[in-house]
Amino acid sequence: MALPREHWASRTSFIMAAVGSAIGLGNVWRFPYVAYANGGGAFLIPYFFALFTCGIPLLMVEYMMGKRARGGAPQAFEAVRPFMSWAGWLACIFAFVITTYYCCIMAWSWDYVWYSFKLSWSADASVFFNEQVLNKSIGVGTLGAIQSHILIGLILTWLAILAILWKGIGAVGKVVMVTVPLPVLCLVILAIRGLTLPGAAAGMTYYLQPDFAKLADARVWLAAYGQILFSLSLGMGILQAYASYLPKDADISNNAFMTGLTNCGFSFFAGFAVFSALGFLAYLEGVPVADVVKAGPDLAFVTYPTIISQLPFWASFFGVVFFIMLLTLGIDSAFSLVESFATSIKDATGMRHTKVVLWLCIIGAVMGIIYTTRGGLYWLDIVDKYASDYGLVTIALAECIVIGWIFGASKFRKEINDTSEIRIGFWWDVCIKFLTPAILIFILVKSIITNILEPYGDYPLWANVLGGWGMVGLLIIVSILLGIKYNCRRVE
Ligand code: PFF
């Protein structure tokens, strides 16, 4: 006999888990840079506009879809419209592929916690990262040997995910009570340290000085929407899976507002820690802040370590705090990405939770080995580019079409309002039916055209075809096959 579905122990556990999924590496190394490059302080206008017109409305869609279907993303799509489960499978598989490289970035962070004790990167953090840690090969065509120190970090990360997910959603609810506040505490420590360094004011000016002229540029608005989707972990099937463990009378709209605002507040604050430190580096090197601004792995593993070495006291301590922050930021995003797939498989097949989680962790760890090789970073970069350009946007668009047009926005809004603390009005219908899908179509078409006209990065065409188009195509085929196999089937 099937067991009754698990529930979150409390509303707080659910909100913390959703916030934990949203707040990830992207908040620290993506948001501040995107903000700076798209108008500084003025970027907050399109950013908050995107939050209220796309981010929060889509959070409500995903929460409600999961809650009403009491199943993962495929079941949630299927419950709205038969034969749509493939869209949910696509979301979960994309999430899983993202986890495989996300965990590799966390593997570097484990190593850097260790390196921080001795400030092992010495005078040149760039040489250390590229030549010693990654031991980068000459190009994408040369994979080279597995780097054992990265592999150890990868295994530790997957063991942590396995341990956290093993006991089910109840245990997740407890873990997030630690993994959400801890990086916030680390960030506060780093922001205080950063803001009290010389040059911090110049860094902050760079970050926040508004350039209102940028608001006339459509690309700035698109960047805001892209950042919101990515940051709130939308279109990955995560929130449907998490919401499927909510009780029937759970609130939707207020939970969505709380999650969205907390995540964006954290991102904004992260900019203080990042840009004050960049200001300090610029001050030391006697160059403008623009010359030291970086994003992505370069910011975390080259620029930040360089800054840490220059700190007047307790450099190792701040190094450890920074990399523990990255680890705790990443872990709840990583396990939410796995839980998305795990919940869907469990709901479709009736397999035991522990068995599904164990297999996913083994497969994920094995798939991640490619990123631990000397050519791993190149592949990570390509897969990340295509997965985040196409995955989230396509699924979010499918959600708008299925809910806004096929099911009916106002009918769905009524369902949301029936159990919610904040009643949402007609504006929500406009966002889900017109505004958000129009912008998503624009983003999607623009990405397709750009990527066809010009292969991504400096990589050869074959690498783009294999790691980019091929990967996206394969995931679409697999999700359609899964949709056919498990159509309309759900084991309670
Ligand atoms: N929202 C998290 C972050 O910003 O890091 C986790 C995440 C979700 C990463 C979805 C990547 C992604 F495509």
Side-chain angles (χ1 to χ4, degrees), residues 16-35 47 50-51 54-55 58-59 62 73 90-106 108-109 157 161 176 179-180 183-184 187 223-242 259-271 274 295-297 299-300 325-341 364 368 371 380-396 399 440 443 447 468 471-472 475:
M16 289 291 252
V19 167
S21 172
I23 297 184
L25 302 172
N27 296 58
V28 171
W29 78 30
R30 204 167 184 270
F31 173 81
Y33 180 81
V34 174
Y47 184 68
L51 173 68
C54 166
L58 276 178
L59 281 177
E62 297 203 353
L90 190 60
C92 308
I93 312 176
F94 261 118
F96 192 64
V97 167
I98 289 179
T99 331
T100 60
Y101 68 76
Y102 208 77
C103 288
C104 182
I105 302 171
M106 291 180 61
W108 305 336
S109 309
T157 307
I161 296 176
V176 289
T179 56
V180 175
V184 178
L187 190 71
Y225 276 86
Q227 177 59 25
I228 282 291
L229 281 182
F230 184 92
S231 191
L232 290 176
S233 299
L234 289 162
M236 294 282 112
I238 298 169
L239 303 171
Q240 281 100 338
Y242 274 180
T259 321
L261 288 169
T262 312
N263 173 64
C264 295
F266 182 90
S267 284
F268 181 58
F269 187 57
V274 171
L299 170 71
M325 176 181 78
L326 287 192
L327 279 175
T328 47
L329 274 178
I331 193 71
D332 33 24
S333 300
F335 66 66
S336 72
L337 288 158
V338 180
E339 183 63 47
S340 159
F341 205 11
Y371 306 115
L380 190 155
D381 192 25
I382 298 173
V383 175
D384 172 50
K385 168 74 184 163
Y386 282 80
S388 40
D389 263 12
Y390 296 107
L392 353 174
V393 183
T394 315
I395 316 295
E399 288 170 354
L440 294 176
I443 296 181
S447 303
M471 181 267 302
V472 173
L475 298 197

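Since the structure is predicted, the reported quantities are computational estimates derived from the model, not experimental observations. Every number for a ligand or one of its atoms is a count from 1 in the order of the listing. The first residue of the sequence shown is numbered 1, and numbering continues consecutively from there.
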Side chain to side chain contact (heavy atoms under 4.5 Å, CB included) between M106 and L326: does it pass, once the steps are laid out? CA-CA 7 Å; M106 291 180 61; L326 287 192; over 6 Å; no
Mind checking whether A22 has a heavy atom under 4.0 Å from ligand 1? yes
Going by distance alone, is a donor N or O of one side chain under 3.5 Å from an acceptor N or O of the other, for S231 and N263? yes
Would you please determine whether S21 falls within less than 4.0 Å of ligand 1 on a heavy-atom basis? yes
Would you say ligand 1 has an N or O under 3.5 Å from any N or O of S231? yes
Protein contact of atom 12 (C) of ligand 1 - nearest heavy atom, named by residue and atom, plus distance: F230 CE1, 3.8 Å
How far does CD1 of I98 sit from OG of S233, to the nearest 0.5 angstrom? 9.0 Å
Decide whether the shortest distance between a heavy atom of F94 and an atom of ligand 1 is less than 4.0 Å. no
N or O contact, L25 vs ligand 1, cut-off under 3.5 Å: yes
If you round to the nearest 0.5 Å, how far is CG of L299 from CZ of R30? 13.5 Å
Give yes or no for whether the N/O distance cutoff of 3.5 Å, strictly under, is met between G26 and ligand 1. yes
Pick from F269, F266, F230, Y47: which one makes a ring-ring contact (aromatic ring centres under 6.0 Å, His included) with F31? Y47
Just to be sure I read this right, does ligand 1 sit under 4.0 Å from the backbone of L392, its side chain, both, or neither, counting only heavy atoms? side chain
Would you kindly specify which portion of S388 sits under 4.0 Å from ligand 1, judged on non-hydrogen atoms: side chain, backbone, both or neither? neither
